> 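A single structure is presented below for examination.
Atoms within each ligand, like the ligands themselves, are counted from 1 in listed order. Just so we're clear, the structure is a prediction, and the values are computed from it rather than from any experiment.
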Amino acid sequence: MAGNRTFTMIKPDAVKNGHIGAILNQINAAGFKILALKYTHLSAEKAGAFYEVHKERPFYGELVEFMSSGPIVAAILEKENAIEDFRKLIGATNPAEAAEGTIRANYATSIGENAVHGADSDENAIIEGSFHFAGTEIFG
Ligand code: GDP
């Protein structure tokens with residue numbers, strides 16, 4: 001059975017461009033409830049650990065540098081079929097290929113600086129949520 005939680009981050013580009021409010025609004029309007037929320041700045045070390053699974057990919061260094069370049073917003077979200085529905089809401093990794101009206105189509109600037117993260121499985125949503133939040137910071 002598909003789980004009902006996902007994990008997201010509003011990435012440094014979208015924060016810097018003033019889109020926190022609009023993105024959270026679009027997330028809420030799509031039926032997601034916010035269970036945990038944090039405005040924080042990842043060190044290069046923490047960003048590297050978060051994206052450890054991408055270590056062998058050619059863009060890993062760029063990704064870590066970008067994700068630690070400024071503050072981010074991390075959140076745990078709840079909705080039926082959360083993983084799939086949220087991936088649909090954010091759109092393709094490359095904003096040039098993201099469907100119209102998706103968060104990445106609306107706010108991302110490039111394949112690297114693509115406004116938001118969305119967990120790709122129930123298992124990763126739990127791992128990523130626990131990376132950012134203590135149990136006492138999750139409400140739901
Ligand atoms: P996602 O699940 O849609 O976020 O995509 P991936 O898991 O494939 O990649 C993780 C993140 O790495 C993406 O969201 C981008 O921020 C970054 N990324 C992916 N492909 C590239 C690339 O070709 N160049 C750069 N600079 N960053 C990339």
> Can you list the atoms of ligand 1 that are under 4.0 Å from a heavy atom of Arg104?
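Those of ligand 1 that fall under 4.0 Å from Arg104 are 1 (P), 3 (O), 4 (O), 14 (O).
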> Would you mind running through ligand 1 and noting each atom that sits below 4.0 Å from a heavy atom of Arg57?
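Counting atoms of ligand 1 from 1, those under 4.0 Å from Arg57 are 8 (O).
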> Can you tell me how far apart CZ (Arg87) and CG (Asn81) are? Round to the nearest 0.5 Å.
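Going from CZ on Arg87 over to CG on Asn81, the span is 13.5 Å.
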> Taking the six-membered ring for Trp and the single ring otherwise, decide whether the centroids of His54 and Tyr60 are under 6.0 Å apart.
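Here the rings of Tyr60 and His54 have centres that are no less than 6.0 Å from each other.
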> Are side-chain N/O atoms of Asn114 and Lys11 paired as donor and acceptor at under 3.5 Å?
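Indeed, the side chains of Asn114 and Lys11 share at least one donor-acceptor pair under 3.5 Å.
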> Would you mind checking which non-hydrogen protein atom is closest to atom 9 (O) of ligand 1, with the distance to 0.1 Å?
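Here the closest protein heavy atom is His54 NE2, 3.9 Å.
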> How far is atom 15 (C) of ligand 1 from the closest protein heavy atom, and which atom is that?
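Ranking protein heavy atoms by distance from atom 15 (C) of ligand 1, first comes Ile111 O, 3.3 Å.
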> Could an N or O of ligand 1 be found under 3.5 Å from any N or O of Tyr51, whether backbone or side chain?
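In this structure, Tyr51 places no N or O atom under 3.5 Å from an N or O of ligand 1.
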> Hey, is ligand 1 close enough to Leu63 that some N/O pair sits below 3.5 Å?
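N/O-N/O distance under 3.5 Å: no.
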> Is there a donor-acceptor contact under 3.5 Å linking the side chains of Glu137 and His132?
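The criterion, which ignores hydrogens and geometry beyond distance, is not satisfied for His132 and Glu137.
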> Any donor-acceptor pair under 3.5 Å linking the side chain of Asn124 with the backbone of Asp120?
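Flag not set: sc Asn124 to bb Asp120 has no pair under 3.5 Å.
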> For atom 5 (O) of ligand 1, which candidate among Val53, Asn114, Thr93 holds the nearest heavy atom?
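Selected option, by shortest heavy-atom distance: Thr93.
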> By number and element, which atoms of ligand 1 are closer than 4.0 Å to a non-hydrogen atom of Lys11?
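Taking each heavy atom of Lys11 in turn, ligand 1 has 13 (C), 14 (O), 15 (C), 16 (O) under 4.0 Å.
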> Under the rule for salt bridge (charged side-chain N to carboxylate O under 4.0 Å, His left out), what residues qualify as partners of Lys46, not counting sequence neighbours?
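Salt bridge (charged side-chain N to carboxylate O under 4.0 Å, His left out) list for Lys46, sorted by chain: empty.
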> Applying a 4.0 Å heavy-atom criterion (strictly less than), which segment of Met9 is in contact with ligand 1: side chain, backbone, both, or neither?
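Neither part.
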> Taking only residues two or more places apart in sequence or in another chain, which ones pass salt bridge (charged side-chain N to carboxylate O under 4.0 Å, His left out) with Glu52?
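Partners of Glu52 by the salt bridge (charged side-chain N to carboxylate O under 4.0 Å, His left out) criterion, ordered by chain and then number, come out as Lys55.
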> Specify the protein heavy atom at minimum distance from atom 20 (N) of ligand 1: its residue, its atom name, and the distance to 0.1 Å.
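Closest protein heavy atom to atom 20 (N) of ligand 1: Phe59 CE2, 3.5 Å.
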